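Accompanying notes for the structure given below.
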Protein chains: 2
Amino acid sequence: MKLTTKGRYAVLALTELALAKENSLVKITEIAVRQNISSTYLEQILLLLKNSDLIIGVRGPNGGYKLSTSPENIMISDIVNIVEGRMEAKGCVSKSGSCTGVSGRCLTHDLWDELSRHIELFLGQISLKDIIAGNVLGRSSPPKVLELK
Amino acid sequence: MKLTTKGRYAVLALTELALAKENSLVKITEIAVRQNISSTYLEQILLLLKNSDLIIGVRGPNGGYKLSTSPENIMISDIVNIVEGRMEAKGCVSKSGSCTGVSGRCLTHDLWDELSRHIELFLGQISLKDIIAGNVLGRSSPPKVLELK
DNA sequence: GTATTTCTTGACAAAATTACTCGGAAAATA
DNA sequence: TATTTTCCGAGTAATTTTGTCAAGAAATAC
């Protein structure tokens, strides 16, 4: 699970779509100007999200983008996974492919695996709706929360 | 909290040190060969860890590196934070520095903040000892665990 | 149909970061 | 002194990220 500006732009853009009036269309340039992002770069990103059916693009005058479903059904992990490739998480497949190194097999393998699983779990619990509701921090909402025991 | 091969190499190398007999010294080249990493690159990384007093370097014949403290006292987050710079986590300070964009302030700010806090928390609970004990997955050990409620 | 708006697509280029190399110096041992 | 090892700074190659550009396609308004 990589995380670059690409992923952040994607979440930001979809947040804008989520904020728009239901079924109204938002143009790329609107988002780009508001958020001060390169509009041509944003094009690329929204295209990825469209091809994965997370958003719907409408061409022609007064066209634009809208979410394909309601904000509570779109999780942050969905967005990030689409625009950033899924992270390999291994960090041990050095060359021969196998994971059994000379030093008594790959000890850190599980660590990175578990970390990315953890991140995925975290971002999979937060929806666009949570974000526009400011419901990210100190989440005490009905859905599962991660907590120290 | 970035995560590149640099961070993974660092954890891997320190795992090797943790596996070594108490107070025995391990050479850079030993680790490099065993893990199939560039030894000169590994030098740089171990140097960083040494300058942060996580490990101790001994020069001269039969020199090498050893941990500066016992494996259970070294957390993965310590290691990663040293070799990768601390991640900015914001993703919203576009230009003017302030966080109040035109689109009704920075909605995703909290999200990335919370994510990196979460990662830090996770890696801060796992020590080198846990790794060499294979105690990463399905942790049910005495120390605090992250768990779904 | 024509013009306009906007998305769609692909190829390309600049910038930044990551990953690694190199040459040598300092310290310790023998 | 010679050898072995860490230490240190600078520089370079490779990759990834972050864009730009130009042209095409679809929908709408006129």
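This structure is a prediction, so every number in the text was calculated from the model and none was measured.
- With DNA chain D read from its 5' end, the first of the two nearest nucleotides for Val58(B) and Thr4(A) is the one closest to Val58(B).
- Residue Lys27(B) places at least one side-chain N or O closer than 4.0 Å to OP1 or OP2 of dT5(D).
- No hydrogens or angles were tested; on distance alone, nothing pairs the side chain of Glu84(B) with the base of dT17(C) as donor and acceptor under 3.5 Å.
- Ring geometry for Tyr41(A) against Tyr9(A) counts as perpendicular: the plane angle is over 60°, on a 0 to 90° scale with 30° as the lower cut.
- The CD atom of Glu30(A) sits 13 Å away from the C1' atom of dT5(C) (whole-angstrom rounding).
- We find that NZ of Lys50(A) is positioned 17 Å from P of dT6(C), with the value rounded to whole Å.
- Within the model, atoms CD1 of Ile132(B) and OG1 of Thr108(A) stand 13.0 Å from one another, a figure rounded to the nearest 0.5 Å.
- Phosphate contact (OP1/OP2 of dC8(D), side-chain N/O of Asn51(B), threshold under 4.0 Å): present.
- Atom CZ of Arg59(A) is separated from atom C1' of dC7(C) by 6 Å (rounded to the nearest Å).
- Salt bridge Glu120(B)/Arg117(B): absent, no basic N to carboxylate O contact under 4.0 Å.
- Comparing Leu47(A) and Pro61(A) along DNA chain C, the residue whose closest nucleotide (by nearest heavy atom) sits nearer the 5' end is Pro61(A).
- For the pair Glu43(A) (side chain) and Ile28(A) (backbone), a donor-acceptor distance under 3.5 Å is absent.
- For the pair Ile55(B) CD1 and dT6(D) P, the computed distance is 10 Å after rounding to whole Å.
- Applying the 4.0 Å criterion to OP1 and OP2 of dT6(C), one finds that Tyr65(A) has every side-chain N and O outside that range.
- Contact annotation: Thr5(A) side-chain N/O to dT17(D) OP1/OP2 distance is not under 4.0 Å.
- For the pair Tyr9(B) and dC20(C), the criterion of a side-chain N or O lying under 4.0 Å from OP1 or OP2 is met.
- In terms of polar N and O atoms assigned as donor or acceptor, the side chain of Glu43(B) comes within less than 3.5 Å of the base of dC7(D) in a complementary pairing.
- Residue contacts shown for Thr29(B) are absent, as no nucleic acid heavy atom lies under 4.0 Å away.
- One can place CG of Leu48(B) at 13 Å from C1' of dG9(D), the figure rounded to the nearest angstrom.
- No contact: Leu46(A) has no heavy atom under 4.0 Å from any strand.
- In this structure, the nucleotide among dT9(C), dT18(D), dA25(D) sitting nearest to the side chain of Tyr41(A) is dT18(D).
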With a cut-off of 3.5 Å and sequence neighbours excluded, list every side-chain donor-acceptor pair involving residues 52-66 of chain A.
from     : atom 1 : to       : atom 2 : distance (Å)
Ser52(A) : OG     : Leu48(A) : O      : 3.3
Lys66(A) : NZ     : Asn23(A) : OD1    : 2.9

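- Between the CG atom of Leu42(A) and the P atom of dT6(C) there is a distance of 15 Å, rounded to whole Å.
- As rounded to whole Å, 16 Å separates atom C1' of dT6(C) from atom CD1 of Ile56(A).
- Within the 4.0 angstrom heavy-atom criterion, base atoms lie near Thr40(B).
- Put simply, CG on Asn62(A) is 10 Å from C1' on dT6(C), counting in whole angstrom units.
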